[in-house]
Amino acid sequence: MKKAFIVVTFVLGVALVAMLLTKPEPKEHYDAMIGLAQNVVDQEMTSNNVKKTMAQMGAEKLAELGIEGVDAATLEKLGADVDLTEVTELGKDMAMNTAGFYLQSHMKVHDYHVATIGMLNYKGTNLPVTIGVMGKVFVLVDEGQARQMLRQ
């Protein structure tokens, strides 16, 4: 019984020392969140999605101006051959810059000696979004939640 206690205590001690020595740096938390934002932005800014969004916005604007009979599908067909690569890339760059600034000003990483936790101040509430332990950073929000946050 005494040997088991000594072994368990030793193993726990080694684990704690390993956790102390391998906890991730705050930059790794920011990088993990930027990676998540990049995935969401890439999905949102595909050429087809940009064309659909622009066609919808164009149809709504024409309707506001009193020009009836032009719907989003018609505008999308008219713009099918338009290359929006540069617009898409510019949109991605702007979205990532905005996400980066937001994370820099709203995300704080708390050090708990054996682990680090990234907290995001979102709409006045601090949400845990990352946890770092044993040299790894785990993102606690999925792409759907990140998409919702980026849209607002």
Side-chain angles (χ1 to χ4, degrees), residues 4-64 71-73 75-77 79-80 82-152:
F5 177 75
I6 292 172
V7 170
V8 169
T9 304
F10 178 76
V11 169
L12 287 176
V14 169
L16 282 174
V17 169
M19 291 173 77
L20 281 169
L21 297 175
T22 61
K23 67 181 178 202
E25 296 295 320
K27 183 182 181 330
E28 294 177 63
H29 287 265
Y30 291 106
D31 291 345
M33 288 301 291
I34 287 291
L36 176 65
Q38 183 70 52
N39 288 342
V40 171
V41 167
D42 285 344
Q43 290 172 4
E44 289 288 313
M45 296 294 292
T46 63
S47 290
N48 289 339
N49 200 11
V50 170
K51 286 181 183 180
K52 286 180 184 178
T53 303
M54 290 180 73
Q56 183 65 39
M57 290 171 56
E60 290 171 4
K61 193 62 164 172
L62 289 173
E64 285 176 20
D71 61 356
L75 289 176
E76 193 174 348
K77 286 179 189 173
V82 177
D83 183 17
L84 294 177
T85 305
E86 290 180 23
V87 172
T88 303
E89 291 303 315
L90 179 62
K92 285 180 183 181
D93 290 344
M94 290 173 56
M96 288 309 302
N97 284 336
T98 302
F101 288 132
Y102 184 84
L103 287 173
Q104 285 177 351
S105 62
H106 289 81
M107 185 174 167
K108 302 286 183 234
V109 178
H110 300 280
D111 185 352
Y112 294 102
H113 301 293
V114 294
T116 50
I117 297 178
M119 301 291 281
L120 183 67
N121 186 326
Y122 179 68
K123 293 186 176 181
T125 304
N126 285 326
L127 303 171
V129 291
T130 58
I131 186 166
V133 64
M134 299 292 287
K136 301 273 186 205
V137 174
F138 301 96
V139 178
L140 303 175
V141 294
D142 63 11
E143 288 183 0
Q145 293 167 319
R147 183 175 286 110
Q148 232 177 355
M149 289 178 181
L150 284 172
R151 286 183 177 169
Q152 295 177 358

Could you pull out every donor-acceptor pair under 3.5 Å between side chains of residues 31-40 and any protein atom, sequence neighbours left out?
unit_1	atom_1	unit_2	atom_2	d
Asp31	OD1	Lys27	NZ	3.2
Asp31	OD2	Lys27	NZ	2.9
Gln38	NE2	Asp42	OD1	3.0

Distance-only donor-acceptor pairs under 3.5 Å for side chains of residues 92-99, two or more places apart:
unit_1	atom_1	unit_2	atom_2	d
Asn97	ND2	Asp93	O	3.3
Thr98	OG1	Met94	O	2.9

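Side chains of Gln43 and Glu143 form a contact here, defined as non-hydrogen atoms less than 4.5 Å apart. A heavy-atom distance below 4.5 Å is found between the side chains of Leu12 and Val8.
In this structure, CG on Asn126 lies 10.5 Å from NE2 on His106, to the nearest 0.5 angstrom. In this structure, CD in Gln145 is found 9.0 Å from CG in Leu127, a value given to the nearest 0.5 Å.
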Residues Val129, Met119; criterion side chain to side chain contact (heavy atoms under 4.5 Å, CB included); working and verdict: CA-CA 6 Å; Val129 291; Met119 301 291 281; over 6 Å; no

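Leu120 and Tyr102 get closest at one heavy-atom pair: CD1-CE2, 3.9 Å. Shortest non-hydrogen contact noted between Leu103 and Tyr30 is O-CE2, 3.6 Å.
Sorted by first then second residue, the salt bridge (charged side-chain N to carboxylate O under 4.0 Å, His left out) pairs that include residues 17-26, not counting sequence neighbours, are Lys23-Asp111. Pairs of residues two or more places apart, or lying in two chains, never qualify as salt bridge (charged side-chain N to carboxylate O under 4.0 Å, His left out) while including a residue from residues 99-110.
The side chain to side chain contact (heavy atoms under 4.5 Å, CB included) search around Pro24 returns Glu28, His29, Thr116, Val137, not counting sequence neighbours. A search for side chain to side chain contact (heavy atoms under 4.5 Å, CB included) contacts involving Ile131 returns Ile117, Phe138, Leu140, not counting sequence neighbours.
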